[in-house]
Each structure stands twice: as structure tokens, then as C-alpha cells.
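Below is one structure, written out as C-alpha cells; comments come after it.
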2 protein chains.
Amino acid sequence: MTTTSPQGRTELLRPDGSPVRVLVVDDELSITELLSMALRYEGWQIRSAGDGTGAIQTARDFRPDAVVLDMMLPDMDGLTVLGRLRRELPDVPVLFLTAKDAVEDRIAGLTAGGDDYVTKPFSLEEVVARLRGLIRRSGAADRRSDSVLVVGDLTLDEDSHEVSRAGEHIHLTATEFELLRFLMRNPRRVLSKAQILDRVWSYDFGGQANVVELYISYLRRKIDAGREPMIHTRRGAGYLIKPAAS
Amino acid sequence: MTTTSPQGRTELLRPDGSPVRVLVVDDELSITELLSMALRYEGWQIRSAGDGTGAIQTARDFRPDAVVLDMMLPDMDGLTVLGRLRRELPDVPVLFLTAKDAVEDRIAGLTAGGDDYVTKPFSLEEVVARLRGLIRRSGAADRRSDSVLVVGDLTLDEDSHEVSRAGEHIHLTATEFELLRFLMRNPRRVLSKAQILDRVWSYDFGGQANVVELYISYLRRKIDAGREPMIHTRRGAGYLIKPAAS
DNA sequence: CGGTGGCTGTGCGTGTTCTCATCGTCGCCG
DNA sequence: CGGCGACGATGAGAACACGCACAGCCACCG
């Protein structure tokens, strides 16, 4: 089931209307903090654990709808944790966190069951998007919720990664796509450059803050070119997207 | 009976609308885990057992619509298990798992009864496809559910392994066929190279992800050659297939 | 042995990301 | 009302990663 909050954000809810529950497992406190904050912002209920045993215990009584699981835990192997989790919660989808270089290695088979993974360092938008996808497909949320974001005559399909305005197809690069998704998930709402940087770029991004301006400019060229603009600048505050009409 | 989920995936259901039930029997935990995960994702209900006695017991009260049975079990010979299974569930189809070098002639006799087998190491797409076939043919699911996938003017018959585009027959190798089937079972949806690798290649495949790129290029040559392309690259995300028109 | 199918490795072209620098513009304040 | 300073937009181009082609190897099979 989906509802639309007063802010215009679309929230995932369970069939009974209660908030989605997510368990976050990572041994680095900074990561669990970061994720908990971001996921709570989605309107979800979050519980976190720092190791495998804690994860199993928490899973037992928290009964989450999805789990974010770091593959590198201090007390036990990621696969062992996965196995025990599965015994507790057979159908719960898992989003794995892995180091960039450790990939390809033991990841084989993990995405096969409808699970998914992201590599560290990740961007919060990416984690949230994948989690939403997993939850949507697992049936923990209402299955009618679809994967298309719409703002005015602009549409973005999260499954096919397709974007079009007024029926005309628009090609975006990966970063442009993530940025636009973030804007469109928060329509009519000013997003500061800091917020955008924190959500759309990976958490270890050390670069210049003006990449945001740059990518906004790219987006405008592709989306607003020769049309009524939908992306607006609020000088000193940030950017927002809204339907061209209003 | 088949239903189509919001994602466009087609699910097998029993005549009464309840999910199909599958029993997985293997002594290696990693295998049962892997299979359970993948088969659950198909929307099926899974129970697993690690040996012959467990299998018989579980079969008795779980009453599965199909069984995946490793021929090499610790406690008893595969044929013995099969016999006892048959006493419990006379009509249930069985998918045998065997080692590559195992005597194929002995297995060959077994498949005469409408059963089937795959050799280890297998790919998940293969196991899922065979199981679907077995269940469909056994009548546990609606018999009218057919075996043809269609995307635009491209058709793929899972029974006859025939592929054609715009009526023109296309010859594919085994790997190409599996890859195309996976794409066509998830139309208009971006599939990452990792997902593809996990589903289409065998679980012990240690190679590089660029085999996927290679086989995509093979498929394009055969399917998209000189026509409106149906296979699309989403740089940094993966591949997807969609009808040429849209 | 020739043919087919499956895969590895490498190298190239190009798309993508990001930095730096410059130019434009908005708004404040004298 | 005019000018200045801060902020934002945009152009150029460097560095990098990604996707893809090509060539060759191995295994299997008739």
C-alpha cells in the first residue's frame, strides 16, 4: 500500500497500514547511524545490530520486512548470518553491503533469490531505492504500488530506468538519473545542496560541492530545454522540482 | 492457473489459487539455501530436507507438488528415497540433481516417468525452468498455462526451445537461450550483470562478469541484427529487454 | 580432426564524472 | 538607483570507468 503524505512524498506501507520495518546490521556504528537516520526519514521503523548474534536476536522479535546486512561482521561469516536469518524469517528480502573489492567473490548467488546488494561506499538514495524495490517485490507492501514516479508531464520509471517528458524519451546518465529521482521523490520541496550531496553522492565523496550545480545544469538541459521549466533555484536555499503548470 | 504480478512476471499457481509447494532435498546446506531462496522468489512455498529420512517425513505432511532430489544422500540411496517418496506421493514429479560424471543411463531410465534431471553445478534459471515444466505438465497447476514467452515480435518457447523474431526462426546456443529467457521473463526491467550472472550461470562459476557482456553481444547479433533493437544497455546499471515499438 | 560452443584476456573508443575557471545574475545596501 | 559581493550557471577539458570487439584457447563431440 502507498499513501501520499502532506509533503507530497509517497510512502511504502504494509498491507495493514503500519509502517515498514527494517533491520540494519553493520559493525561500524557510523554506518548504522547513517542508514538508520536515512531510512527513518522514509517513514520506516528501524532497528539495528552490530554483529551476527545481535542480528538474529533482533530479527526474532522485531520481525522486519527487510534486512540490510553487511557481509563483513566481527563474530560470524555473512553467509552464516544469512542462513540463520532465513530460518527465522524465510521470506524476508536482504540487501547486502559489501566492500567494492570483495565483490564478484562470494557474492555469487546472493542476488539470485530476489535479494540485492550495494557496494561500499554507497549513496543513500541507492540504498533506499533498492530497499524499496525489494520490499515492493517481496509483497510485504501492497503489490499495486508501482515503480513510476510522476511530476507533471515528467515520468521516471525506477524499474526500466526510463525517463520521459510529455511522452518524449530522455536519456540520462546514472548520476543524472539518481539526482532526478531524488528531486522527484520530493516534489515542491526545496532541497539544499548539502542534502542532495548527502543523499545522491556516496558518503565518502570528497569532491567539490558544486557538482550539484553542475548536474542540475545537465538535468535542465535535458528536461527543461525549450519547455516550461520544472527545476527551480531558490537562491541561498537549494533547488526544487514542481509541475510546469502551477 | 497463472497470474501476472504487477511486475509483469507470470506466476504458477495451483488450481485452487494457492501457491505451488516444492520440497528440496540435498545434504549440502548451501545448495538447499540457494535453491530455497531462488524458488521462494518464484512465489512458491518451499520446505527442505538434508537426508532421505527427513525427506520422506517432510513429504508426508507437506504434500509438495514437486520435489527436487539430490541423488547422493548420506543416509540412503537415491533410488530408495525415490521409491519411498513414490509410496507417499504417487504422482508428484521429481527433479533429480546429479553430479556431472554420474552414470547418466541410470538417470535416463528414471526420467521416463515424466521426471527430469539437471547436473551439478546447475544454473538457477535451469532448475526453475525445469521445475516449472514439470509442475505444468503434472497438472498440479493449470494445464492451459503455456510455455511461450512473448516480448514484442520476439517469441521464445520454453518447451521446444524455439526462438523467433517477426516469424523468422533464430538459432541460439544453450547459454544464449538461457540468457534470453531470463531477460524475457523480466521485460522492461533493468537487470544487473551480477543478477544475470547469478541466475544464468552455474553457481560455481568463478569467472569475470564480462562473459555477460559477451553473450549480450552474441544475442544482439542474432536478435537485433538489422532490426529495431530490443536489448538495451543502461550504462552503470545493467541490461533490459523491451518491445521495439515503445 | 574439424566444428561448435563456452570462456578468458586485452586493448580501444567513448561516455561519464568531476575539477577548474570564467561568466552571468541576483539581491542587498549604501 | 547604481555598484558590489555572493551565489549560481556554464564551458572546457582531464581523468577515469565502462562496455564492447576481437582474437585466441580449451573442451567436447561427431
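By convention in this document, chain letters (A, B, ...) are assigned in the order of the sequence lines, proteins followed by strands, and residues within each chain are numbered from 1. Note: hydrogens, waters and symmetry copies are ignored here, and every other heavy atom, side chains too, is used. This structure is a prediction, so every number in the text was calculated from the model and none was measured.
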Looking at W201(B), does any N or O in its side chain come under 4.0 Å of the phosphate oxygens OP1/OP2 on dG6(C)? no

Is any side-chain nitrogen or oxygen of T175(B) closer than 4.0 Å to OP1 or OP2 of dG5(C)? no

Side chains of R185(A) and E125(A), heavy atoms from C-beta outward: is any pair under 4.5 Å? yes

Once the angle between the rings of H161(A) and F177(A) is folded into 0 to 90°, is it parallel (under 30°), tilted (30 to 60°) or perpendicular (over 60°)? parallel

Separation of dG6(C) atom P from L197(B) atom CG, nearest Å, is 15 Å

Identify whether the distance between the nearest side-chain nitrogen and carboxylate oxygen of K222(B) and E168(B) falls below 4.0 Å. no

Nucleic acid contacts - residues 219-230 of chain A versus DNA chain D, non-hydrogen atoms under 4.0 Å: R220(A), R221(A)

Would you say Y203(B) and V127(B) make side-chain contact, with heavy atoms under 4.5 Å? no

For a 4.5 angstrom cut-off between non-hydrogen side-chain atoms, does D224(A) reach R165(A)? yes

Who are the ring-ring contact (aromatic ring centres under 6.0 Å, His included) partners of Y239(B), not counting sequence neighbours? none

Between I216(B) and Y239(A), which residue's closest nucleotide on DNA chain D lies nearer the 5′ terminus? Y239(A)

Bounded by its outermost nucleotides with an atom under 4.0 Å from a heavy atom of chain B, the footprint on DNA chain D reads dC18(D) to dC22(D)

Hey, what's the ring geometry for Y215(B) with Y218(B), parallel, tilted or perpendicular (30° and 60° as the breaks)? perpendicular

M184(A) and M230(A), any side-chain heavy atoms less than 4.5 Å apart: no

E213(A) CD to dC23(C) C1', straight-line distance once rounded to whole Å: 13 Å

Are there any protein N/O atoms within less than 3.5 Å of an N/O atom in nucleotides 19-22 of chain C, and if so, which ones and at what distance?
unit_1	atom_1	unit_2	atom_2	d
dT19(C)	OP1	Q208(A)	N	3.3
dT19(C)	OP2	Q208(A)	N	3.3

If you define the side chain from C-beta out and look only at heavy atoms, does anything of Y117(A) sit under 4.5 Å from L110(A)? no

Identify, between A174(A) and A174(B), the residue whose nearest nucleotide on DNA chain C lies closer to the 5' end. A174(B)

Under a 4.0 Å N-O cut-off, is there an ion pair linking K193(A) with D198(A)? no

Does a side-chain N-to-carboxylate-O contact under 4.0 Å join R227(A) and D153(A)? no

Cationic N near anionic O, under 4.0 Å, K120(B) to D26(B): yes

Those residues that, when tested against Q208(A), pass side-chain contact (heavy atoms from CB on, under 4.5 Å) (two or more places apart): N210(A)

Nucleotide N/O of nucleotides 25-30 of chain C paired with protein N/O under 3.5 Å:
unit_1	atom_1	unit_2	atom_2	d
dT25(C)	O2	R235(A)	NH2	3.4

